[in-house]
Each structure stands twice: as structure tokens, then as C-alpha cells.
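Along the sequence shown, the residues carry numbers beginning at 1.
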Amino acid sequence: MTSTPAAIAVVGAGPGLGAAIARRFGTAGHPVALISRNRAKLDPIAAALREEGITVEAFPADVTDEEGLTAALAAAGGRLGRIGVLSYSPNATWDYTGGQMPDPAALGYTSARDTTALSARTQFAVGVEGALTAARAVLPAMRGAGDGALMFTTGMSAIVPLAMMGNAGIAAAGLRNWASAVRDDLAEDGIYIGHVCIGLPIAPGAGDGDPDAIADRWYRLTRSRDTFETTIGF
């Protein structure tokens, strides 16, 4: 008798990459927990996935709220079973679905010259503190099972310094540093940790930047577990 795959928690779920990751893992039998701070954004994604036969629930939470995010992940585990895969990518990359170049300032990004302690702290709270909170919430069950996967998706500034992404680069590089440093320790517990860094527009039909293509790459990485870091578009 084949057991049901463990659930995946998609933290930072949106209609682009987050939904694609949820769909890819969901169609492979993983129950899906969608997490972001806006239920109005989550419910349509969940409804669409259910129409495709995927088991999915929405758990609204702000990644900068440690107690709220921890509680959401605990609730997801209670409803859907053990969280065996964590996908963390809030504000990781720009979504070009609308065909427009996003305004960095409108998304909270500051250039290196204009980065302040406050603007850096804001990005750090989302990109690093939230990731650490999420990982801390799911790791005990993963260790208990001797199996799990932590997936972190960032933008190009995690690896390549970009003047226009000053505050975001600080956070993304910090998350990459931690993930790389902890991966060998987690591997001893049977837990895979991976980092996908995207340096091109994410949009349907955009080749390697197609959300479904990226989601499939993530799915294959969690199965092969043969590399820590993958770059797309650079």
C-alpha cells in the first residue's frame, strides 16, 4: 500500500510561482497548505487547485509575525498531516505576468545608496526572520520522520550585488548564507535544503522563467537532492 506524500507548505503563496509550486506538488499527491497574509488572495488559488483535484487549505499569516506564522504552520500540520516540504519565497522575485516592469520603490526596495537601517531591517524581517521562523516550525516533525525538504527561492541579488536592490540583496544573501551553512547538519537528519535563485522575468510562456517550469525544477530537485543551489537566467 502506497502512503500519501507528506504535505507541502507554500509560504508566500501568490497566483504566479507559489500557485505553480502548489500545483506541481499537489498533482503528485502532496496535500497543500497555502500561506500568505491575505486570505482574499489565497482563496481563489485554493479554489482553482481544488477543481484540479488537489487537496488544499489556506492559512492566512504574515511572515513577519512569528507567533502567527508558527500557528499557521501548526494548524496546517494538524489539518493536512506532517509538513514534509516547506517552500519559502515571499517577495522573492518580480512577477512580470502583466507585462510591465515593476517599480522597485513601490515594492519596498531601495538602492544601495538609499538603503537605511530601517529599509534593510524591513527586508530582513521578510526574507530571513520569516524563513527562520518557518523552518523552526516544521523541522521537529521532519527530524522525527527522518525526511523533509526546505526550499528557498530568491532573486539574483542573493548572489550578484545589484545597486538597485540594496536592501533586498542584504536579506537574500543572508538567507542564502544560512541555508548553505546549515545544509550539511540537516542532511544528517535526512532533510534536504535547496536554494533556487532567479535572475529573469517570471511569466507564463517565458521559457525557463515560466512558473510551471520553475515549479517542476523544484519538484525534481527535492527528489534528486543532488545539488544545493540552482540559478536560473544568469
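When every heavy atom of P60 is checked against every heavy atom of R39, the shortest pair comes out as CD-NH2, 3.3 Å. The two residues C197 and A158 come nearest to each other via the heavy atoms SG-CB, 4.2 Å. Across all their heavy atoms, F228 and I193 have their closest contact at CD1-O, 3.5 Å. Considering all non-hydrogen atoms of both residues, A58 and L42 come closest at CB-CB, 3.9 Å. G18 and V10 get closest at one heavy-atom pair: O-CG1, 3.7 Å. Nearest heavy-atom pair, L49 versus A19, reported as atom, atom and distance to 0.1 Å: CD2-O, 4.4 Å.
Hydrophobic clustering, with ILVMFWY side chains joined whenever heavy atoms are under 4.5 angstrom apart, keeps L132 apart from I170. Placement of F234 and M164 within a single hydrophobic cluster is found when ILVMFWY residues are connected by side-chain heavy-atom separations under 4.5 Å, directly or transitively. L200 is connected to V196 through a chain of hydrophobic side-chain contacts under 4.5 Å among Ile, Leu, Val, Met, Phe, Trp and Tyr, so both are in one cluster.
For the residue pair S180 / H195, no side-chain donor-acceptor distance below 3.5 Å is found, with atom types taken as modelled.
Counting only distance, with no hydrogens or angles, the side chain of Y192 and the backbone of T227 share a donor-acceptor pair below 3.5 Å. With R50 contributing its side chain and V56 its backbone, the two residues share a donor-acceptor pair below 3.5 Å. Between the side chain of R225 and the main chain of T222, a donor-acceptor pair closer than 3.5 Å is present. Under a 3.5 Å cut-off, the side chain of H30 and the backbone N or O of A6 do form a donor-acceptor pair. Between the side chain of D189 and the backbone N or O of I191 there is no donor-acceptor pair closer than 3.5 Å. The closest donor-acceptor contact from the side chain of N167 to the backbone of T110 lies under 3.5 Å.
Side-chain contact between T230 and R217: present, with at least one pair of heavy atoms (C-beta onward) separated by less than 4.5 Å. V63 is not listed as a side-chain neighbour of R37, based on a closest heavy-atom distance of 4.5 Å or more. Side-chain atoms of Y109 and L162, non-hydrogen and from C-beta on, never get closer than 4.5 Å to each other. In this structure, R136 and T70 have side chains that are not in contact, with every pair of non-hydrogen atoms separated by 4.5 Å or more. Contact of the T115 side chain with the Q123 side chain is not registered, since no non-hydrogen atoms from C-beta on lie closer than 4.5 Å. In this structure the side chain of E229 reaches within 4.5 angstrom of the side chain of R176, judged on heavy atoms.
Counting non-hydrogen atoms of other residues, nucleotides and ligands closer than 6.0 Å to CZ of R220 gives a total above 12. The environment of CD in E52 is crowded: more than 12 heavy-atom neighbours from other residues, nucleotides or ligands sit within 6.0 Å.
Applying the side-chain contact (heavy atoms from CB on, under 4.5 Å) test between I214 and each of I202, T153, I21 identifies I202 as the sole match. When each of D147, L186, L150 is tested with M142 by the rule side-chain contact (heavy atoms from CB on, under 4.5 Å), just one qualifies, namely L150.
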message: Quick one, L80 with F59, criterion side-chain contact (heavy atoms from CB on, under 4.5 Å). Give me CA distance, side-chain angles, the key distance, then yes/no.
response: CA-CA 11 Å; L80 300 172; F59 301 89; 4.2 Å; yes

field: Pair N38-S36, side chain to side chain donor-acceptor pair (under 3.5 Å): steps then yes or no
entry: CA-CA 6 Å; N38 188 341; S36 77; over 6 Å; no

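Here the CD1 atom belonging to I35 is positioned 12.0 Å from the CG atom belonging to D62, to the nearest 0.5 angstrom. The CE atom of M156 sits 13.0 Å away from the CD1 atom of I232 when rounded to the nearest 0.5 Å. One distance of note links CD1 of I8 with CH2 of W218; it measures 10.0 Å at 0.5 Å rounding.
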